[in-house]
Amino acid sequence: MAMEVLAYQLQGLRRCYEEGPTRRAALDDLSLAIPQRSFMAVVGPSGSGKSTLLSVMGALDRGYEGKIEILGRDLRGMNERELGRLRNDFIGFVFQSFHLLPHLSVLENVASPALFAPSCRGAEEAARKALDRVGLLDRANDRPQHLSGGQRQRVALARALVRSPPILLCDEPTGNLDSRTGHEVIDLLERLHAEESRTIIVVTHEERLAQRARRRVELVDGKVVNDTGEVP
Amino acid sequence: MNGAGLLRLVSWELKRSRGALATASFGILAGTAALTFFLALGLQARAVLLGQVFPLDRVELEPAARPEPGLLTLLVGGGRTPAGVRQESVDRLAQVSGVVAVYPKLRFAFPSGAFGGTELIGREIGTHEMLAEGIDPALIAKDVQGFAFEDPLEKPGKACTSDEECEGGRYCELPSGAPSGVCSDPVPVVVSPYLVELFNRGLAPAHGLPPVGMTLIQKAKGITFRFQLGASMMGRAKRGTMRNARARVVGISANAMDLGATLPIGVVRRWNQEFYGAEAAVSYSSVVVRVERPDKVAEVIRQASEEGLVPKDNRARDVSVLISGVMGLLSLVAGVMLAVASSSIAYTFRVLVNERRTEIGLYRSLGATPGDMAMWWLTVAVVVGGLGGGLGVVVARGMALGVDWLGHEKLPDFPFKPTTFFQFPWWMVGGAALFGAGFALLGALAGVRRAAAMDPARALLDP
Ligand SMILES: Nc1ncnc2c1ncn2[C@@H]1O[C@H](COP(=O)(O)OP(=O)(O)O)[C@@H](O)[C@H]1O
Ligand SMILES: [Mg+2]
């Protein structure tokens, strides 16, 4: 049986920022292989490069050296249009501060990835399904600012899921939530992984969430210092 | 990004930022309105002044002044040898590039007056001083309908010694000192639109006379009057004895002299010979050169100076330079308004794009490219500029209608008063709107580039 293609193949990844006269490596010669259907937590102290790693893996940051393959596709040599398509089709993002658009309804927010798809057709239907999945279909016509923090993050999750991407990248998804609502989001992520078997990568410094993940990668100063757990 | 996506991003932005965008585009509107208004005014001023009052596509040349004869002698006409432009000069001028036609003219070399109007107004009015000149009939032909514009003696009638012997409106053309003459149709005369305008808007209302026009000329079968040849209030001709000749206004022509009567040149040759002598019949008193385009006039004037000829009248050039200067200045004012508007647009777009920083980051994470983000803001700028420019043109049109209404209601009738003071050709309207919109785009460009260059990873990071 042929080996299944990896969700991510990172090799010798390096991302430097100029800091005054010196260059500081936020990611330093980082290599990782992440199979499909992984549920992986990235932990580490603040400033260790977790968000930088997620931006690079999300094809939002092109300033890296090294090699990234997403589902077998080498990002080097892709132009902005191809990278945009890739983000639109393959990757769902969830951010610590939700980034919902206040001038749009919950439903319109969830449907917004369709704006950048080849066509808007079927977007509303898909958005309703995604909202149903996170249990907020009854709030479809509300404005996001009328929702609680946990509900907002579930709306953001629905938006990340609306185009059914194979990969979900979450940067501190519970960072702005209290422990009870944070719990809801964690439960939801776990259920999504169990039911739909997509690759989920969560940056967090919350142990509770990290323990639910099947694999745990610890970063310090842009390097992997610990990689434990199940590699499916 | 798909078309529907772009449409939504743009319409959300227009809705959310309508206040700021309206404020920013007001300058574009005002600048475009000013530009359009001034250009429309200038175009019409040029059309009326240079098309009707001082035609610019022609120049009248005459021999360089010998000692200036003075107004008195000019009016009397007697003291001056009127001949001066030779046929060879006329032929050479016709060769100059850009020259469409050359019309030699021959002025009356003797004093004359003109009286008439009985059939129109029931009494005779006229002037003891009449300026007149002859022109090649071919140059008038298209302006005369229903009459022949030619020397009537080309088809002479029977011999006569007095007007009573002639029938059908003819008179007895009997040169001074000749024992007998021949019956002749009235001499055809054309007048300039300029003269008609002066009469209709100035003299006619003041004296309760009806206005003159082509229809009147047709209806009245020509307006007849009598030339008094060989004498005026100022004096008598060198030769011959004063006598009358019948004449008839048969048309209005731009090739006619401004203030006076224009006759077939053959008639003037005969009469000059009769009242002045042979030398006043061989060459021409002036020559009108018509050119393809106004800018060809300079070359004609240069060539003419080699023939010893100078322009009779520089008003057209002066007026043209004046209009261009004033228009240039007003357009500059409009341009400065647009430049200021452009910088206000630049500021607004800078602020708006900065406000949308995380939003741009989010869109990028959802699949937008830098080009998509540039397209979003560029389209907003196009809409803002297009609305500003388009409304500016509409406002200018409205102001023009207002001014025209005021001009119609409040200004007295004056010669060459146009029905409108403005011209709005489509190319000018479109050009001004585009020009205004262009300034909006120019201002927005930095903001558009900023939106494209926004680093999404950074914008999405928590503060
Ligand atoms: N755009 C940037 N410019 C300069 N330095 C940056 C930038 N983004 C991140 N860094 C630096 O890179 C390091 C890693 O940052 P980050 O990935 O945000 O860490 P984490 O998410 O683990 O807290 C930090 O030292 C941070 O200051
Ligand atoms: Mg971080």
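Only this structure's heavy atoms are used, side chains among them; waters, hydrogens and symmetry mates stay out. Below, chain A is the first sequence line, B the second, and so on; all start at residue 1.
A salt bridge is absent between A:R128 and A:E108: the closest approach of a Lys/Arg side-chain nitrogen to an acidic carboxylate oxygen does not fall below 4.0 angstrom. B:E355 and B:R357 are not joined by a salt bridge, as no carboxylate oxygen comes within less than 4.0 angstrom of a charged side-chain nitrogen. Between A:R139 and A:D142, at least one side-chain N (NZ, or NE/NH1/NH2) sits under 4.0 Å from a carboxylate O, which counts as a salt bridge. Salt-bridge check for A:E82 with A:R85: failed, with every basic side-chain N at 4.0 Å or more from each acidic carboxylate O. Contact check on A:D61 versus A:R15 returns a salt bridge, with a Lys/Arg side-chain nitrogen under 4.0 Å from an Asp/Glu carboxylate oxygen. For A:D28 and A:K223, the salt-bridge test passes: some basic side-chain N is under 4.0 Å from an acidic carboxylate O.
Most heavy-atom pairs under 4.5 Å with chain A, from the set B:T369, B:D455, B:D372, B:L9: that is B:T369. With chain B as the partner, the residue from A:V56, A:L54, A:L101 showing the most heavy-atom pairs under 4.5 Å is A:L101. The candidate with the highest count of non-hydrogen atom pairs below 4.5 Å against chain B, out of A:G63, A:C120, A:S55, A:A59, is A:C120.
With a threshold of 4.5 angstrom between heavy atoms, A:L60 approaches chain B through its backbone and through its side chain. Proximity to chain A involves both the backbone and the side chain of B:S365, based on heavy atoms less than 4.5 angstrom apart. Looking at B:L6, there are no atoms closer than 4.5 Å to chain A (heavy atoms on both sides), in backbone or side chain. For A:S119, the part lying near chain B is the backbone, with the side chain staying farther off; criterion is any non-hydrogen pair under 4.5 Å. Heavy-atom distances place no part of A:L83 under 4.5 Å from chain B, backbone and side chain included. Only the backbone of A:A114 comes within contact range of chain B, with at least one heavy atom under 4.5 Å from a heavy atom of that chain. Of the atoms belonging to A:P113, heavy atoms from both backbone and side chain fall under 4.5 Å from chain B. For A:R62, no part sits under 4.5 Å from any heavy atom of chain B, backbone or side chain. Using a 4.5 Å cut-off between heavy atoms, B:R364 contacts chain A through both its backbone and its side chain.
A:H146 places none of its side-chain heavy atoms less than 4.5 Å from the side chain of A:P144.
Under a cut-off of 6.0 angstrom, the local environment of CZ in A:R121 is sparse, with at most 12 non-hydrogen atoms contributed by other residues, nucleotides or ligands.
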